[in-house]
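Each chain gets a letter, A, B and so on, in the order its sequence line appears, and its residues count up from 1. Bear in mind that the values here come from a model prediction, so they are computed numbers and not experimental data.
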2 protein chains.
Amino acid sequence: MTPRSAKPRPAPTIYDVARVAGVAPSTVSRAFSRPDRVNADTAERIRAIAAELGYRTNPLARALPTGHTSMIAVSSSDITNPYYFEIIRGAQAAANERGYTTLLADSQESVRLEREALERAIPTVEGILLASTRMSDSAIRMTAKQRPLIVVNRDVTDVPTVVTDHAMSVRQSLDHLVELGHRRFTYLAGPEAAWANGMRWRSLRTYAAEHGLQVRRLGPYPPTVTGGVRAAEDFRAHRTTAVIAYNDLVGIGFMKRLISLGARLPRDVSVVGFDNIFACELVTPGLTTVAPPLRTLGSMAVHNLLALIGGAHATTAQPPTLPTRLYVRESTDVPATRKRAWAV
Amino acid sequence: MTPRSAKPRPAPTIYDVARVAGVAPSTVSRAFSRPDRVNADTAERIRAIAAELGYRTNPLARALPTGHTSMIAVSSSDITNPYYFEIIRGAQAAANERGYTTLLADSQESVRLEREALERAIPTVEGILLASTRMSDSAIRMTAKQRPLIVVNRDVTDVPTVVTDHAMSVRQSLDHLVELGHRRFTYLAGPEAAWANGMRWRSLRTYAAEHGLQVRRLGPYPPTVTGGVRAAEDFRAHRTTAVIAYNDLVGIGFMKRLISLGARLPRDVSVVGFDNIFACELVTPGLTTVAPPLRTLGSMAVHNLLALIGGAHATTAQPPTLPTRLYVRESTDVPATRKRAWAV
DNA sequence: CAACTGATGGCAACCGCTTGCCGTCAGTTG
DNA sequence: CAACTGACGGCAAGCGGTTGCCATCAGTTG
């Protein structure tokens with residue numbers, strides 16, 4: 001068995017460059033990290049030699065004295081959730097752009113795994129981005145004491161956040177439905193504990209009250225396709241012409257079940273979801289939905305986090321509420337004429 | 001503006017622990033990294049004190065002299081692709097289990113971004129996992145010279161790989177269709193450059209030849225829903241009772257279009273895809289598909305990579321071809337009786 | 001009882017880079 | 001022309017661990 005197959009010669013260091021250039025290692029270091037601190041010509045010469053030698057500054061070695069690792073941790077409870085990876089992607093793009101590398105910690109819905117991953121990551125990262133977390137508020141505050149931290153789409157007192165504008169998203173979907181002629185609505189609720197669920201329901205009631213509309217609530221249901229199917233069962237006894245689902249998954253399950261029961265959508269019922277997941281345009285009819293600015297959410301979070309790392313006070317961070325956008329597809333239409341459209 | 005909000009007192013070091021324990025720093029270090037090299041009682045005492053002080057060994061500092069960073073890079077051309085994140089997840093789980101942290105590099109389909117991300121990651125990682133890459137074979141080999149590397153689902157000479165058993169996946173779907181009574185098939189081809197496309201088509205022909213079946217090829221199409229829609233257009237002029245799509249996305253687009261043209265599935269045409277993406281069970285009819293063992297693919301890749309890092313020779317790595325599994329849903333059924341089922 | 005041995009702990013160099021501080025030297029200033 | 005100034009480079013001390021080597025000492029061995 002040969003010892004090891006890769007990693008031939010060790011990477012060149014500033015000492016190698018220094019020797020070739022005939023200067024002190026500190027000068028090489030400065031040529032890169034403080035170019036103004038060294039003669040322009042010298043710096044240029046050093047850089048040329050470095051390039052030729054294939055020198056790249058070792059981030060580990062740099063991090064040791066400075067604490068500047070150029071890494072941030074992004075923690076997500078579930079990377080397979082279509083809702084999150086756009087956030088992650090936005091975060092990653094923003095981070096890369098600023099010279100930062102992201103350490104992705106997928107906790108697979110397990111609090112223990114999440115803690116472990118974070119625990120492991122903390123010493124090497126400069127900041128933490130909680131894209132979706134199962135941790136308690138207090139655990140989050142605890143973590144925030146160790147590193148600059150920012151949380152996305154969740155409200156934790158004393159911790160900087162970036163969230164979407166839930167009131168706006170509700171307004172957009174209702175404006176749309178009202179314009180089509182709907183007056184009575186059903187909200188298919190998500191998990192009680194979900195912050196977004198409370199926000200949506202409250203906004204919904206406020207809007208309804210302001211516009212003299214009727215809105216009724218069913219649930220709570222799990223935020224899944226199955227949850228939507230169950231909602232459809234319940235819905236049969238309490239119909240309205242329009243339905244607002246907690247999220248797209250619920251909306252899709254709801255439609256699927258209704259169709260299998262013989263309903264014709266959107267003629268009989270108009271449905272709108274939230275999140276604009278990929279599957280919205282794959283199902284039939286395509287699901288009208290409100291899209292949170294996921295990408296922006298992620299990049300904004302990183303910007304604020306980096307500001308925090310840079311020493312900004314939490315309150316100086318940018319306004320944390322981002323606008324949403326309505327995507328109209330085939331699941332919404334004018335309500336059917338009064339004649340009973342479908343039975344049972 | 002207050003200077004910075006987080007990071008109060010610096011983390012304790014082995015020096016702090018050593019002082020309290022009344023031993024030399026080297027002894028503290030050994031108490032953790034070489035417990036057999038120090039008296040059991042002493043080690044225990046040190047560990048107790050360390051725990052009390054909240055000492056955690058700084059991975060950066062450790063990495064400097066040893067080169068052992070406990071990090072591996074996972075590069076994916078597109079994390080939003082449902083096909084990849086299960087691989088990533090499997091990889092991440094396996095890595096965590098072995099005490100490794102993963103550095104996720106999402107290149108968003110851009111070769112430049114991928115190169116940059118990798119470039120940045122290389123100095124800090126011990127190994128590289130290419131979950132899906134846009135790099136050329138030679139670029140991959142180049143990178144493999146710098147760090148132990150393993151690539152998933154792609155065949156690159158001289159580079160260790162882990163792939164799914166494409167012949168098997170084709171066999172599974174065709175066995176299923178033949179059993180239902182189909183004899184003539186259409187393959188909706190994916191991108192010419194895609195390794196999997198070639199594998200599938202070849203396996204298909206081999207299988208067809210062996211069983212005396214007819215198989216015809218349409219395409220190539222982009223591996224997307226739109227590609228599937230285009231395929232459906234072409235298909236109208238060349239029908240068969242069964243269709244094998246390059247992947248699920250193509251299959252879904254194909255079905256969608258066919259239905260909108262008035263076909264009734266699976267009565268008129270049976271469709272099977274590859275990959276078993278999430279949307280397969282959301283669409284109507286649910287898409288029968290062959291699932292690659294994504295999770296296993298990821299974890300197996302990490303296991304092999306870690307073996308490589310540990311000094312194993314590339315050839316000692318585990319067998320790299322993983323079995324697939326067929327998921328039967330509603331998109332496949334016995335062929336319609338001879339009477340012309342749908343026109344146009 | 002003297003020489004030998006293995007277990008244990010300390011010393012100090014080193015990993016690659018950063019940075020405060022000092023020396024040198026050319027260019028200014030009066 | 002002497003004193004002063006600022007630009008530029010070098011020196012050396014870290015950053016927090018790891019590890020080869022040596023010293024010590026109790027326990028063995030003959």
Query - N/O (side chain, A:Thr66) to phosphate O (OP1/OP2, C:dT18) under 4.0 Å - result: no

Query raised in the report: Are A:Asp137 and A:Arg154 within salt-bridge range, i.e. N to O under 4.0 Å?
Result: yes

Requested in this report: Using a 4.0 Å heavy-atom cut-off across all strands, classify B:Ser29 as base, sugar-phosphate, or nothing.
Outcome: base

Query raised in the report: With a 3.5 Å cut-off and just heavy-atom distances, do the side chain of B:Arg62 and the base of D:dG16 make a donor-acceptor pair?
Result: no

Report task. Look at the side chain of A:Arg30 and the base of C:dG20, then say whether one donor and one acceptor between them are separated by less than 3.5 Å. Result -> yes

Query raised in the report: Want to settle it: does A:Arg34 or A:Leu64 sit nearer the 5' end of DNA chain C, counting the closest nucleotide to each?
Result: A:Leu64

**Report entry** Gap separating the CZ atom of A:Arg30 from the OG atom of A:Ser26, nearest 0.5 angstrom
**Finding:** 4.5 Å

Report task. Might you point out which heavy atoms bring A:Arg45 and A:Val23 nearest each other, and give the distance in Å? Result -> NH2-CG1, 4.1 Å

Query raised in the report: Phosphate oxygens OP1/OP2 of C:dT8: is one of them under 4.0 Å from a side-chain N or O of B:Asn39?
Result: yes

Requested in this report: Could you tell me whether A:Arg295 atom CZ has more than 12 heavy atoms of other residues or ligands within 6.0 Å of it?
Outcome: yes

Report task. Can you tell me the distance, in whole Å, between the CG atom of B:Leu60 and the P atom of C:dC17? Result -> 14 Å

Query - Comparing B:Asp36 and A:Pro12 on DNA chain C - which has the more 5′ nearest nucleotide - result: B:Asp36

**Report entry** Single hit among A:Asn304, A:Ile309, A:Leu306 for side chain to side chain contact (heavy atoms under 4.5 Å, CB included) with A:Pro148
**Finding:** A:Ile309

Requested in this report: Could you state the atom-to-atom distance from CD of B:Glu44 to P of C:dT8 in whole Å?
Outcome: 15 Å

Report task. Give a yes/no on whether any side-chain N or O of B:Thr42 is located under 4.0 angstrom from OP1 or OP2 of C:dG9. Result -> yes

**Report entry** Nearest-angstrom distance from the residue atom NE2 of B:His68 to P of D:dT18
**Finding:** 10 Å

Query raised in the report: The side chain of A:Thr13 lies closest to which of these nucleotides: C:dC17, D:dT19, C:dG9?
Result: C:dC17

**Report entry** Separation of atom CD1 in B:Ile14 from atom C1' in C:dG9, rounded to whole Å
**Finding:** 14 Å

Report task. To the nearest Å, give me how far apart CZ (A:Arg37) and C1' (D:dC11) are. Result -> 13 Å

Report task. Identify whether any heavy atom of A:Phe32 sits under 4.0 Å from a base atom; if not, whether one sits that close to sugar-phosphate; answer base, sugar-phosphate or nothing. Result -> nothing

**Report entry** Under-3.5 Å donor-acceptor pair between A:Tyr15 side chain and C:dG16 base
**Finding:** no

Query raised in the report: About how many Å separate CG of A:Leu118 and CD of A:Gln146, when rounded to the nearest 0.5 Å?
Result: 8.5 Å

Query raised in the report: Are A:Pro59 and A:Thr69 close enough that some pair of their side-chain heavy atoms sits under 4.5 Å apart?
Result: no

Query raised in the report: Hey, is the side chain of A:Ser26 pairing donor to acceptor with the base of D:dC11 inside 3.5 Å?
Result: yes

Query raised in the report: Can you check the A:Asn58 CG to D:dC15 P distance for me, whole Å?
Result: 19 Å

Requested in this report: Name every residue in residues 16-25 of chain A that has at least one heavy atom under 4.0 Å from any atom of DNA chain D, in order of residue number, or write none if there are no such residues.
Outcome: A:Val23, A:Ala24

Query raised in the report: Now, which nucleotide makes the Watson-Crick or G-U wobble pair with C:dT5, with each of the two distances under 3.5 Å?
Result: D:dA26

Query - Test of ring centre spacing under 6.0 Å for B:Phe32 and B:Tyr55 - result: yes

